[in-house]
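First up is the structure itself, then whatever we jot down about it.
We're numbering straight along the sequence, starting at 1. In this text, all values refer to a predicted model and were calculated from it rather than measured experimentally.
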Amino acid sequence: QLQLVESGGGLVQPGGSLKLSCTASGFSLDNYAIGWFRQFPGEEREGVSCISSAGGRKYVDSVKGRFTISRDNAKNTVYLEINSLKPEDTAVYYCAAGYVPCGLVEVDYDNWGQGTQVTVSS
């Protein structure tokens with residue numbers, strides 16, 4: 001069974017950092033693009049970053065300079081490191097796998113994790 005599991009979320013103070021992980025089981029991430037999305041309460045999911053199977057990266061403008069996406073195919077895991085966290089980063093963060101080289105829209109992805117909550121508050 002194909003499964004993606006996110007981890008690393010939690011409660012952090014403004015200005016802090018988190019490193020989210022997205023680990024696959026039942027399949028290899030090697031040939032997949034991986035996207036990270038977030039969902040604010042009452043809103044649709046929005047793409048924040050993606051990494052292609054070749055390592056190409058994209059970020060939405062609102063997170064450039066603070067978010068870093070990386071992948072470790074040996075661990076079958078993709079990471080999203082978030083620095084200088086702001087209260088407006090509070091959301092559920094999802095990862096997804098797909099064959100589109102690196103997309104930031106939901107339709108580009110076929111397999112989704114369950115999400116991990118990130119809460120930024122003092």
Side-chain angles (χ1 to χ4, degrees):
Q1 183 178 357
L2 307 184
Q3 191 175 16
L4 291 171
V5 178
E6 301 93 338
S7 61
L11 174 64
V12 63
Q13 292 186 342
S17 299
L18 283 175
K19 189 172 186 177
L20 308 183
S21 299
C22 171
T23 301
S25 61
F27 69 109
S28 171
L29 288 180
D30 288 12
N31 296 318
Y32 285 84
I34 304 300
W36 280 98
F37 291 73
R38 63 185 178 184
Q39 187 170 25
F40 303 113
E43 298 188 17
E44 299 292 318
R45 276 188 294 211
E46 64 172 27
V48 296
S49 183
C50 61
I51 186 166
S52 70
S53 59
R57 296 167 173 83
K58 287 183 185 177
Y59 302 93
V60 294
D61 288 345
S62 60
V63 307
K64 284 181 180 177
R66 297 194 300 121
F67 287 31
T68 303
I69 193 169
S70 60
R71 65 191 302 154
D72 185 340
N73 288 343
K75 294 183 178 180
N76 221 23
T77 298
V78 171
Y79 303 98
L80 185 69
E81 186 167 3
I82 310 174
N83 297 311
S84 302
L85 275 156
K86 305 175 182 179
E88 50 265 43
D89 293 318
T90 296
V92 179
Y93 285 72
Y94 298 87
C95 67
Y99 282 115
V100 174
C102 192
L104 290 175
V105 292
E106 291 190 47
V107 295
D108 291 335
Y109 297 93
D110 306 306
N111 298 290
W112 290 81
Q114 294 301 305
T116 185
Q117 175 71 47
V118 171
T119 302
V120 185
S121 175
S122 55

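Judged by distance alone, the side chain of Y59 and the main-chain N or O of I69 form a donor-acceptor pair under 3.5 Å. S21 contributes no side-chain N or O that, together with a main-chain N or O of Y79, makes up a donor-acceptor pair within less than 3.5 Å.
By the 4.5 Å heavy-atom criterion applied to side chains, L11 and S121 are counted as neighbours. Side-chain atoms of V60 and F67, non-hydrogen and from C-beta on, never get closer than 4.5 Å to each other. At a threshold of 4.5 Å between non-hydrogen side-chain atoms, the residues R66 and D89 count as touching. Between R38 and L80 there is no side-chain heavy-atom pair separated by less than 4.5 Å.
Across all their heavy atoms, N111 and Y32 have their closest contact at ND2-CE2, 4.3 Å. When all heavy atoms of R71 and I51 are compared, the pair lying nearest together is NH1-O, 3.6 Å. Nearest heavy atom pair, residue A33 against residue P101, reads CB-O, 3.2 Å. Among all heavy-atom pairs drawn from L29 and L4, the shortest one is CD2-CD2, 4.0 Å. Across all non-hydrogen atoms, the minimal contact from C102 to G56 is SG-O, 4.2 Å. Summarising the geometry of I34 relative to C22, their closest heavy-atom pair is CG2-SG, 4.5 Å, with the distance given to 0.1 Å.
For Q114, the CD atom is loosely surrounded, since the number of other residues' heavy atoms within 6.0 Å does not exceed 12. The number of heavy-atom neighbours closer than 6.0 Å to CD of E43, taken from other residues, nucleotides and ligands shown, is above 12.
Cluster membership check: V48 shares its hydrophobic cluster with V12, using side-chain heavy-atom separations under 4.5 Å among Ile, Leu, Val, Met, Phe, Trp and Tyr. When the side chains of ILVMFWY residues are joined at heavy-atom separations under 4.5 Å, either directly or via intervening members, W36 and L104 end up in a single hydrophobic cluster. Grouping the Ile, Leu, Val, Met, Phe, Trp and Tyr side chains by contacts below 4.5 angstrom, directly or via other members, places F40 apart from I82.
For the side-chain contact (heavy atoms from CB on, under 4.5 Å) test, residues two or more places apart in sequence or in another chain that qualify with S28 are D30, N76.
A distance of 12.0 Å separates CD in Q39 from OH in Y93, rounded to the nearest 0.5 Å. Atoms CG and OG1, on L20 and T116 in that order, are 6.0 Å from each other to the nearest 0.5 Å. Atoms CG and CD, from L85 and Q13 in turn, are 11.0 Å apart once rounded to the nearest 0.5 Å. Here the CD-SG distance, from E6 to C95, works out to 4.0 Å after rounding to the nearest 0.5 Å.
Cluster partners of V105, by chain and number: V107. The rule joins Ile, Leu, Val, Met, Phe, Trp and Tyr whenever side-chain heavy atoms lie under 4.5 Å apart. Through side-chain heavy atoms spaced under 4.5 Å, either directly or across other Ile, Leu, Val, Met, Phe, Trp or Tyr residues, Y94 is tied to F37, V92, Y109, W112.
Between the side chains of T23 and T77, at least one donor N or O lies within less than 3.5 Å of an accepting N or O.
Screening C50, S52, S49 for a side chain to side chain contact (heavy atoms under 4.5 Å, CB included) involving K58 leaves a single residue, C50.
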